[in-house]
Every structure is written in structure tokens, then in C-alpha cells.
There are 2 protein chains.
Amino acid sequence: MGKHCRWRERLQNHGYRLTIPREVIIELLRNTKEHVSAEDIYMEIHKKYPAIGLTTIYRTLELLAQMKMIVKFDFGDGRARYELSEEYGTKKHHHHLICTKCTKIIDYTDFVDEELELIEKTEKRLSKKYNFQLSGHAISFTGTCKDCKE
Amino acid sequence: MGKHCRWRERLQNHGYRLTIPREVIIELLRNTKEHVSAEDIYMEIHKKYPAIGLTTIYRTLELLAQMKMIVKFDFGDGRARYELSEEYGTKKHHHHLICTKCTKIIDYTDFVDEELELIEKTEKRLSKKYNFQLSGHAISFTGTCKDCKE
DNA sequence: CTAACTGCAAATTCTTTGCATTAGT
DNA sequence: ACTAATGCAAAGAATTTGCAGTTAG
């Protein structure tokens, strides 16, 4: 596991209940390397827990996103994707390389230190200039992956 | 206008026709500072050109995006937004500050030079490492704007 | 002339909501 | 017990598609 995972107490401290669906969904997110959609989660979970409905997936994802325990992404294919945020997940800070042909996503962790440094500096400056309370950032590159190149 | 605008010849060179709807849509994009949705465009255009349908807007936007004359964004409110890409638009290189409360978007052009430098370096390195043909990048910050802060 | 383009209506796809039931605390 | 959370079915919203008529080159 590597990292502490206080999501249970976090939920409860905020007055939310600890339910099977939430447990299962978060567990799945913790064990996934992919950027999963609501439907992906549903299909996967459905094998073991056929009683859990798609609606619950959506509602849980919304809750978790609002609590900033997960991050919602749009990679341009019309469905939202989710991943645990850094504090709760098992992946380190990374950004995305999006293939616009096949919608494959590559997570890259290279060079992010340099990026992060610049980002933080920029955040401070923007925050001051626009009186904006920053809560997150996203960097992504789009292009064509090696398989789609020819 | 400030900048040359060769979109007509660009379309024609690719075998596409120069039609009223396309003319009108691009003209609107050139005169808009906002990040407009398909619906926004439709509503605006509809005043003067009630014969142009929403479907055509979508199809035109798809065409233009595919030709990289416009860029499609998702700011998290479930509808796509569009803006002319740098070569065809009237705005300089910028990034987005997205208020997650009211979905207001601030374009910032501050500090982008430094960013751009890093981005270009990163692009080169990623491109080599992952054998990925890069075509674009996006940086965005999310948070709460000054009006939504209290 | 003829293939690209368009508009309309219908279809699709993703996501949200209403409501009666279930289950945490 | 009390209320949040759930599942189902239905609704909603954004975007896409089929097709017959129109238009640019």
C-alpha cells in the first residue's frame, strides 16, 4: 500500500456514512492504474457486486470529487475519467499525454519536478494578481501516440 | 484585425467548401472574447441567420477542430467550449484560470513566456522518450474566483 | 453537374433526478 | 429511530446520425 489511507475517517468526519458501495469504489480506484470512467467502474464492480447501481457510482464519484479525494478529467472522448488524488492514491505526481487518435493516456512523471517548481511560482503570482484561490492545476499534452503514428 | 487570416484558403486547399455557415461561424469566433459553446454560437448566429441549424454548428466545429483551426476545451460544466487557435485568432498565447464555483474563465497571459520555455523543453523530451508526436498542450488552474470567495 | 454540405427530426450517449426502500450510526 | 444513502426507472442535456433537399465549385 505504501501510503496511509485515511479516507474512511475523512468521510466520517464530514458526516458521511461508510457504505459498501463507497468502500468498493474507492478500493477499486486504489487498485487501478487506468483512468476509469463511471461506466468502467460499474462494469468492473458489477461482477462481484451486481446490486450496486450506476447511479450510485455517479453519486459517489461526485461526492469524492467534491471532497477532493479524487480528480475528474476530461480527455476529449465525451466521458469523464477519474483518479484518486495524490494524497489518497498510490501514484505519484504526474501529468497526461493524450493520444487524440485512440484516446490512450500515458502518465508521465518525468521532468515534473521542474514543472512543479514553475507551477508553484505561477500559482502564487496568479493567486495574488487575480485574487483567486487556487486549488489545483492540470497540464496535459495532446498528440499522436507511437501506435497511431503511421 | 492585426493578423492575417488564411482560413478560407486553408479550407479550400483541403477540399472543403466555403459556405455561409462556415463563414459566419468563423467570423463570430474571431469577434468573440468569450469561450463559447455550440449552443452559444447557435443562439448568437440565429439572430441574423435563423436558417443555420445547430447541427451545422456542431459539424463545423468538429471540422475546424480537426483541422486545428480551433481548440476544444472542457471546463467541467458538461459542455464543450471553443476558441480559435493562436494562428487564426486575435488573442495571444494564454492559459485558463477556471472558477469551479461559477465556471467563470479568466484568460491569463502573465508569465506564459517562462511556461512556454519549459513546455517546449518538456515537449521535446516527452516526444523523444515516448515516441509521441506532440500537437498541443494545455495548462489550467482551478480554484475559486474572487467573487465566489466569501 | 455532382459531390459536399445542410437542416430537420430522431437517435445516442452520458449524467442527473424523483421516489420508494434500505441500511449506517 | 432517524436520516443519509441506495437502486430503479425516467428525465435531461449535449452531441451525433440518417436522410432527403440544397448549393458551391
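Labels below follow one simple rule: chain letters A, B, ... track the order of the sequence lines, proteins then strands, and each chain is numbered from 1.
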Engineer: Between atom CD in B:Glu62 and atom P in C:dT6, what is the gap in whole Å?
Structural biologist: 12 Å
Engineer: Heavy atoms within less than 4.0 Å of DNA chain D: which residues of residues 40-52 of chain B have one? Give them sorted by number.
Structural biologist: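 Going residue by residue through residues 40-52 of chain B, none turns out to have a heavy atom under 4.0 Å of DNA chain D.
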Engineer: In chain order, what residues pass the salt bridge (Lys or Arg N to Asp or Glu O under 4.0 Å) check against B:Lys149, with sequence neighbours excluded?
Structural biologist: none
Engineer: Under 4.0 Å, heavy atoms only, any strand: does B:Gln12 hit a base, just the sugar-phosphate, or nothing?
Structural biologist: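 Sugar-phosphate, backbone atoms only, no base.
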Engineer: Measuring from the side chain of A:Ile20 (C-beta onward, heavy atoms only), which nucleotide among C:dG24, C:dC14, C:dT6 has the closest atom?
Structural biologist: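 From the listed options, C:dG24 comes nearest.
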Engineer: C:dA4 C1' sits how many Å from B:Gln66 CD, rounded?
Structural biologist: 14 Å
Engineer: Under a 4.0 Å threshold between the charged nitrogen and the carboxylate oxygen, would B:Arg59 count as salt-bridged to B:Glu62?
Structural biologist: no
Engineer: Using 30° and 60° as the class limits, which term best fits the ring planes of B:His35 and B:Phe73: parallel, tilted or perpendicular?
Structural biologist: perpendicular
Engineer: With a 6.0 Å cut-off on the ring centroids, do B:His137 and B:His95 count as close?
Structural biologist: yes
Engineer: Return the orientation label for the A:His96 and A:His94 ring planes: parallel under 30°, perpendicular over 60°, tilted otherwise.
Structural biologist: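 Geometry flag for A:His94 against A:His96: perpendicular rings.
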Engineer: Quick one: how far along DNA chain D does chain B reach, first to last nucleotide 5' to 3', anything under 4.0 Å to a heavy atom?
Structural biologist: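 Here the contact window of chain B covers D:dA14 to D:dG25.
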Engineer: Is the shortest side-chain N/O distance from B:Arg22 to OP1 or OP2 of C:dC5 below 4.0 Å?
Structural biologist: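 Yes, within the criterion.
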Engineer: Give the rounded distance in Å between these two atoms: CG of B:Asp74 and C1' of C:dC14.
Structural biologist: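 Those two atoms, CG and C1', are 13 Å apart.
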Engineer: By the 4.0 Å heavy-atom rule, please label B:Thr55 as base, sugar-phosphate, or nothing.
Structural biologist: base
Engineer: Rounding to a whole Å, what distance do you find between B:Tyr16:OH and C:dC5:P?
Structural biologist: 7 Å
